[in-house]
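One is the number of the first residue; the rest follow in order along the sequence. Just so we're clear, the structure is a prediction, and the values are computed from it rather than from any experiment. Side chains included, hydrogens not; waters and symmetry mates left out as well; all remaining heavy atoms used.
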Amino acid sequence: MKDHKIIHDSVHGSIRVNGPALSLIETPELQRLHSIHQLGLAYLVYPGANHTRFEHSLGTFAVARRICSSLNLSKEEGQLVECAALLHDVGHLPFSHTLEYVLHDQFKIDHEEISKRLIRGEKSVVSDADGRILGRLDTVAEALEKHEVDPNIVARLLDKTAVATAQRTIGGTKGQSFFNSRRYMSQIITGPVDADQLDYLKRDAHYTGVAYGVIDLDRLYETLQIFNGDLVVDRGGLNAVEGMLVARALMFSSVYFHKTVRIAELMLAKAVEQLGEGEVATISSMTDSGLLAHLASKGGYFEEIATLIKYRRLFKKSFALRMSDLSHEGLEEVEEFGDMRSRRSLEEDIARRAGVDPGRIVIDIPSAELKVSEPRISLTNLRVIDEGKVRMLHKMSPIAASLQLRRVHEWALMVACPARDREKVRRAAEKVLVH
């Protein structure tokens with residue numbers, strides 16, 4: 001059996017996969033990602049956006065490997081980081097971030113927590129029916145352990161809250177304060193400039209066809225450094241970092257928070273939410289097509305939403321409060337409706353006034369979802385080494401400082417409904433929301 005594979009990737013070219021990564025890509029958890037759209041329902045707006053979470057996971061692995069090589073990490077450290085990069089998204093629900101807010105609202109967890117549980121071998125994505133056909137397969141934890149890689153350490157590299165305090169050892173080194181002194185290992189996976197973002201920004205721009213994902217990866221590889229346990233960048237890489245931050249802001253504005261994409265995602269999320277907590281808990285192992293088939297099998301409202309999405313018969317924007325039209329106080333008032341229950345109550349109030357079914361009205365409050373799905377959007381707290389001194393990026397870069405304040409979405413609140421109901425829903429929304 002060959003000890004490596006060469007996988008040809010549309011963004012990074014030929015990627016050599018060996019060691020534990022070679023075993024991991026054969027696990028059901030990673031193979032499932034072939035059937036999860038990287039950009040959820042964005043293909044309804046950008047027809048080329050049919051790339052998958054598997055492609056992104058492989059790309060993140062490739063970027064992380066280049067960063068580890070540039071930083072001259074040890075073989076043990078590099079292997080841990082590469083495994084974490086490959087596995088960082090195994091816990092995504094169908095249609096990726098589309099259902100993240102439902103998951104957070106009902107269970108107070110995110111896809112990263114599910115990823116950690118899968119890495120530790122605490123749950124599986126293989127159903128009983130699939131298991132009867134496939135037979136006994138290695139879990140992610142077993143695949144790692146066969147290569148003497150600790151699944152618990154790999155999982156901890158995805159844990160943003162534990163990085164600063166977790167005490168782990170590597171290679172049996174007694175007393176080694178693993179995360180306290182080696183925060184850079186986790187920061188390569190998730191931080192102000194990380195392998196995850198560097199891949200998805202280039203990959204998503206490539207497949208959507210927009211021109212905003214131009215990032216100087218080679219320059220970043222050469223200027224990233226380690227300083228006092230943190231991942232930092234040399235001043236010579238400042239322009240490359242600024243380019244990444246601008247690309248991130250523009251991709252969110254033009255792609256991730258495109259109005260029509262958001263409406264499709266909200267339609268699906270509302271239908272899934274109304275399945276109830278018992279069923280929501282079971283969909284984490286489904287694929288995109290599996291979820292739509294499951295909704296269709298339920299009949300009634302669920303089948304209607306699945307069919308509307310299948311044939312791109314989406315709700316239309318009926319009313320919106322633009323960011324530019326709101327005062328600071330007005331924005332704070334809108335964000336009070338950010339939690340799911342407040343939002344659903346508001347939808348019911350508008351539906352009652354308009355005389356329509358509450359299931360046919362969705363409200364989008366982007367700032368609430370960004371806190372859950374992409375907390376890094378305003379993150380610019382990268383340290384820069386400048387002539388031997390450490391400075392914060394936003395203090396050196398006016399671009400970074402301004403991006404901390406920039407909103408990536410045009411509206412603070414948007415109401416959408418079937419096209420036939422737009423006018424009466426607009427009037428009802430104005431009565432409820434405009435004082």
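The backbone N or O of Ser96 sits nowhere less than 3.5 Å from a side-chain atom of Arg53 that would complete a donor-acceptor pair. Side chain of Ser115 to main chain of His111: a donor-acceptor pair is present (N/O by atom type, distance under 3.5 Å, no hydrogens or angles). Ser35 places no side-chain N or O within donor-acceptor distance of the main-chain N or O of Thr287, the cut-off being under 3.5 Å. Under a 3.5 Å cut-off, the side chain of Arg262 and the backbone N or O of Asp364 do not form any donor-acceptor pair. Between the side chain of Thr282 and the backbone N or O of Glu279, at least one donor-acceptor pair lies under 3.5 Å. The closest donor-acceptor contact from the side chain of Gln197 to the backbone of Arg248 lies at 3.5 Å or more, if one exists at all. Thr98 places a side-chain N or O within 3.5 Å of a backbone atom of Phe95 that can act as its donor or acceptor partner. Although no hydrogens or angles enter the test, the distance criterion places a donor-acceptor pair under 3.5 Å between the side chain of His88 and the main chain of Ala85. Gln187 contributes a side-chain N or O that, together with a main-chain N or O of Leu231, makes up a donor-acceptor pair within less than 3.5 Å. Looking at Glu347, its side chain never comes within 3.5 Å of a backbone N or O of Gly359 through a donor-acceptor pair.
Using modelled atom types and a 3.5 Å distance limit, the side chains of Thr60 and Tyr200 yield no donor-acceptor pair. Under the 3.5 Å distance criterion, with hydrogens and angles disregarded, no donor-acceptor pair is assigned to the side chains of Gln225 and Tyr184. Side-chain contact of Tyr256 with Asp204: a donor-acceptor pair under 3.5 Å is present, judged by distance alone. Checking Ser284 against Lys123 by side-chain atom types alone, a donor-acceptor pair falls below 3.5 Å. Defined by atom type and a distance below 3.5 Å, a donor-acceptor pair is missing between the side-chain atoms of Arg203 and Gln38. Between the side chains of Thr52 and His37, not a single donor N or O lies within less than 3.5 Å of an accepting N or O.
Shown here are the side-chain contact (heavy atoms from CB on, under 4.5 Å) partners of Glu26, two or more places apart in sequence or in another chain: Lys5.
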Chi angles and distances behind the side-chain contact (heavy atoms from CB on, under 4.5 Å) call for Leu217, His12: CA-CA 10 Å; Leu217 284 180; His12 302 295; 4.0 Å; yes

CA sep, side-chain torsions, deciding dist, call: Asp110, His104, side chain to side chain donor-acceptor pair (under 3.5 Å): CA-CA 6 Å; Asp110 56 18; His104 179 267; over 6 Å; no

From CA spacing to verdict: side chain to side chain donor-acceptor pair (under 3.5 Å), Tyr101, Glu273: CA-CA 10 Å; Tyr101 202 76; Glu273 179 199 354; over 6 Å; no

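The aromatic rings of Tyr46 and His258 lie perpendicular to each other, with more than 60° between the two planes, well past the 30° mark.
A salt bridge does not link Arg343 to Glu348: none of the charged nitrogens lies less than 4.0 Å from a carboxylate oxygen. Between Asp349 and Arg353 there is a salt bridge, with a side-chain nitrogen of the basic residue lying less than 4.0 Å from a carboxylate oxygen of the acidic one. Ion pairing between Arg426 and Glu423 holds under the 4.0 Å rule for side-chain N and carboxylate O.
Taking every heavy atom of both residues into account, Asp138 and Ala143 meet most closely at CB-N, 4.4 Å. Taking both residues in full, the closest heavy atoms of Asp194 and Ile188 are given as CB-O, 3.3 Å, listed atom of the first, atom of the second, then distance.
The aromatic ring centres of His51 and His206 sit 6.0 Å or more apart. When ring centroids are compared, His92 and His56 stay outside the 6.0 Å threshold.
Atom OG of Ser342 and atom CD of Glu335 lie 12.5 Å apart (nearest 0.5 Å). To the nearest 0.5 Å, atom OG of residue Ser285 and atom CD1 of residue Ile283 are 9.0 Å apart. Once rounded to the nearest 0.5 Å, the distance linking CG of Leu266 with CG of Leu314 reads 11.0 Å.
In this structure, Tyr212 places its OH atom where only 12 or fewer heavy-atom neighbours from other residues, nucleotides or ligands lie under 6.0 Å away. A 6.0 Å sphere centred on NZ of Lys146 holds no more than 12 heavy atoms belonging to other residues, nucleotides or ligands.
With Phe337 as the aromatic partner, Arg344 does not meet the cation-pi criteria of under 6.0 angstrom to the ring centre and within 45 degrees of the ring axis.
Of the candidates Arg32, Gln31, Met286, Arg32 is the only one forming a side chain to side chain contact (heavy atoms under 4.5 Å, CB included) with Val125.
Val154 has its side chain out of reach of Pro151: every pair of non-hydrogen atoms, C-beta onward, lies at least 4.5 Å apart.
Among residue pairs with one or both ends in residues 305-326, those qualifying as side-chain hydrogen bond (donor to acceptor under 3.5 Å, both in side chains) are Arg322-Glu410; sequence neighbours excluded.
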